[in-house]
Amino acid sequence: MPRSSSNGAAEARDGPAPEPPSPAGSGSLALLTDLYELTMAYGYFQAADPDREAVFVLSFRDEPFDGGYAVACGMAPAVEFLERLRFQDDDLTYLASLSTAAGGPLFSSDFLEHLRGFRFRCDVDMVEEGQTVFAHAPLVRVRGPILQAQLVETALLNIVNFQTLIATKAARVTMAAGGQPVLEFGLRRAQGMDGALSASRAAYIGGCTATSNVLAGKRFGIPVAGTHAHSWVMSFDDEMTSFEAFAEAMPGNCVLLVDTYDSLQGVRNAVAVGERLRARGHELLGIRLDSGDLAYLSIEARRILDEGGFPDATIYASNELDERIIESLKLQGAAIGAWGVGTRLVTGGDQSALGGTYKLSALRQEDGAWVQRIKLSEQTAKVSIPGVLQVRRFSRGGEPIGDMIYDETDPPGESPTMIDPLDPTRRKRFGPDCDTENLLIPVMRGGERVGDLPGIEEARATARERVDRLHPTVKRFVNPHRYPVGLEEKLSAHRTKLILEGRQGTSGD
């Protein structure tokens, strides 16, 4: 049986349940990919060496929500996807049914047989789940046979893009709440079933206290929370009768929704029901406001509750909340003690996607040497970064002061300089007094997991600790300070050389 915590959330008595292999369930997910990943894989199989070693890097171009940082999320589900990646008979039957414009089979039978024996055997390095991350710096690096590394592009982007977006939103919302509980209430507005489950997981890692999503509670061990809806009140002849019936049914978990008819009268009715609960040895946990002027109503509700002898009853608020609305309500002196955030959290609200990319950055030559690859663009922000990339974070006094992207085949010296990839005149030098850590950590070698992946509670703790370390100016909601991220000096020079060579080669001169 569930029990109630102090924030009104129900928690599993025996602690969090283990995470499932994937939010999407136990069936084959091999075809969770764009068709062009398979046509490219077929091309590698037919015309080139499908086992040629390649490096791909997953990153994003801009911090979400016009903010100063992001919270990496989705790493454990991504690894579990890679471990379970198999093409089953019905997958291959479907692929065999696809045809070209001329009417012939899209894929040859020998390629489909190759997929039948597919086992992912690349090396994968990732930032720690919950880590703070920034634009341009790699979150994931995949190194191995080019056919395999290419084939997983879409799924990795799908998993990491969305969960990073939602974890970041949750971190911002919980920061605005200033330590007060934030309950994720977004299931009914989420983008489908899997979107809802992934969002609940990411929101918890980002800092939410609980979810209304019971399946997410079961699968991920997240505390669940909920009260009742307006329909409960409306199903009775009057509000007082509905409150009494709910208190009778849920004496140990009684939070009453008071705004169905008249919010402040609803608070007075809640006080009356609370007195009867107390006489039976129970306490009114709180009330919920879901409409109206939340600042004014919460202040008045607090007065009524306090005067009625319920100073410990929590005022919950919901109604299209996000970090900016919560910040505004707190500045207005709202007497709200917990926040229910739904639509604008689980959908990303003002940003629908993270915009991550997955780019080929290096290829192994026959002599064993690496040759860097770069994608050019008319837009500077879309020019890729070549090399076998790693990210080194420099800190001083526990506070991060810059992230340097470098090529592992030519690592930085003791006092390196990094250069802004968008503005080469902006440079930052790090002295030997800085603490350093490499952010990309081995998680798979040859397709086999290396060590244990952090569980959801550990990822949540990491997110809280890493966000806390950032300078306050990086975390502000309006015009945040731009955290320094750049290329190691030698990598920057080599990238510039490749850009000039590439543009000269296409200039027609």
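A salt bridge links Arg324 with Asp350: the distance from a Lys NZ or Arg NE/NH1/NH2 to an Asp or Glu carboxylate oxygen falls below 4.0 Å. Using a cut-off of 4.0 Å between Lys/Arg side-chain N and Asp/Glu carboxylate O, Glu437 and Arg466 are scored as salt-bridged. Classification of Arg445 and Asp125 as a salt-bridged pair holds, one side-chain N sitting under 4.0 Å from a carboxylate O. Between Glu327 and Arg476 there is no salt bridge, since no side-chain N of the basic residue sits under 4.0 Å from a carboxylate O of the acidic one. Contact check on Glu320 versus Arg189 returns a salt bridge, with a Lys/Arg side-chain nitrogen under 4.0 Å from an Asp/Glu carboxylate oxygen.
Counting heavy-atom neighbours within 6.0 Å of Tyr94 OH, excluding the residue itself, gives a total of 12 or less.
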Requested in this report: Determine, step by step, whether Gln372 and Asp407 satisfy the side chain to side chain donor-acceptor pair (under 3.5 Å) criterion, reporting the C-alpha distance in whole Å, the side-chain angles of both residues, the deciding distance to 0.1 Å, and the verdict.
Outcome: CA-CA 10 Å; Gln372 288 79 8; Asp407 191 328; 3.1 Å; yes
Query - Working for side chain to side chain donor-acceptor pair (under 3.5 Å), residues His136 and Asp403 - result: CA-CA 10 Å; His136 309 297; Asp403 285 9; over 6 Å; no
Requested in this report: Apply the test side chain to side chain contact (heavy atoms under 4.5 Å, CB included) to residues Arg393 and Gln131: give CA-CA distance (whole Å), side-chain angles for both, the deciding distance (0.1 Å), then the verdict.
Outcome: CA-CA 11 Å; Arg393 177 159 297 170; Gln131 177 68 270; 2.9 Å; yes
Report task. Any chance you could lay out the side chain to side chain contact (heavy atoms under 4.5 Å, CB included) test for Ile315 and Leu289, step after step, and finish with the verdict? Result -> CA-CA 7 Å; Ile315 298 175; Leu289 296 165; 4.0 Å; yes
Query raised in the report: Would Met250 and Thr227 satisfy side chain to side chain contact (heavy atoms under 4.5 Å, CB included), going step by step from the backbone distance to the final call?
Result: CA-CA 10 Å; Met250 289 280 172; Thr227 55; over 6 Å; no
Report task. In sequence, state the C-alpha distance, the side-chain angles, and the governing distance for Arg426 and Ile419, and then conclude on side chain to side chain contact (heavy atoms under 4.5 Å, CB included). Result -> CA-CA 6 Å; Arg426 292 172 58 92; Ile419 300 172; over 6 Å; no
Query - Steps toward side chain to side chain donor-acceptor pair (under 3.5 Å) verdict (Asn319, Ser291) - result: CA-CA 6 Å; Asn319 188 27; Ser291 61; 6.0 Å; no
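For the side-chain contact (heavy atoms from CB on, under 4.5 Å) with Thr132, the lone residue among Leu439, Val127, Thr462, Leu470 that qualifies is Leu470. When Val55, Ile374, Val388 are each tested for a side-chain contact (heavy atoms from CB on, under 4.5 Å) with Ser361, only one passes: Val55.
Under the rule for a side chain to side chain contact (heavy atoms under 4.5 Å, CB included), the partners of Glu63 that lie at least two apart in sequence or sit in another chain are Phe60, Phe134, Ala135.
In terms of heavy-atom proximity, Val346 sits nearest to Ala199 at CB-CB, 3.7 Å. Residues Ser200 and Ile222 share a closest heavy-atom pair of O-CD1, 3.6 Å. Of all heavy-atom pairs spanning Ala171 and Val71, the tightest one is CB-CG2, 4.0 Å. Smallest separation of non-hydrogen atoms from Val142 and Cys122: CG1-CB, 3.9 Å. Residues Arg482 and Leu422 approach most closely at NH2-CD1, 4.1 Å, considering heavy atoms. Taking all atoms of both residues into account, the shortest heavy-atom contact from Arg495 to Thr380 is NH2-O, 4.3 Å.
Put simply, CG on Leu31 and CZ on Phe87 are 6.5 Å apart, with the number rounded to the nearest 0.5 Å. Note that SG of Cys208 is 10.0 Å distant from CZ of Phe185, once rounded to the nearest 0.5 Å. Note that CD1 of Ile336 and CD of Gln180 are 8.0 Å apart. Values are rounded to the nearest 0.5 Å.
Side-chain N/O atoms of Tyr204 and Glu457 include a donor and acceptor closer than 3.5 Å.
A cation-pi arrangement is absent between Arg86 and Phe118, since the terminal nitrogen or guanidinium carbon is not both under 6.0 Å from the aromatic centre and inside a 45° cone about the axis. Figure legend: Lys169 and Phe65 shown as a cation-pi pair, the cationic atom lying under 6.0 angstrom from the six-membered ring centre and within 45 degrees of its axis.
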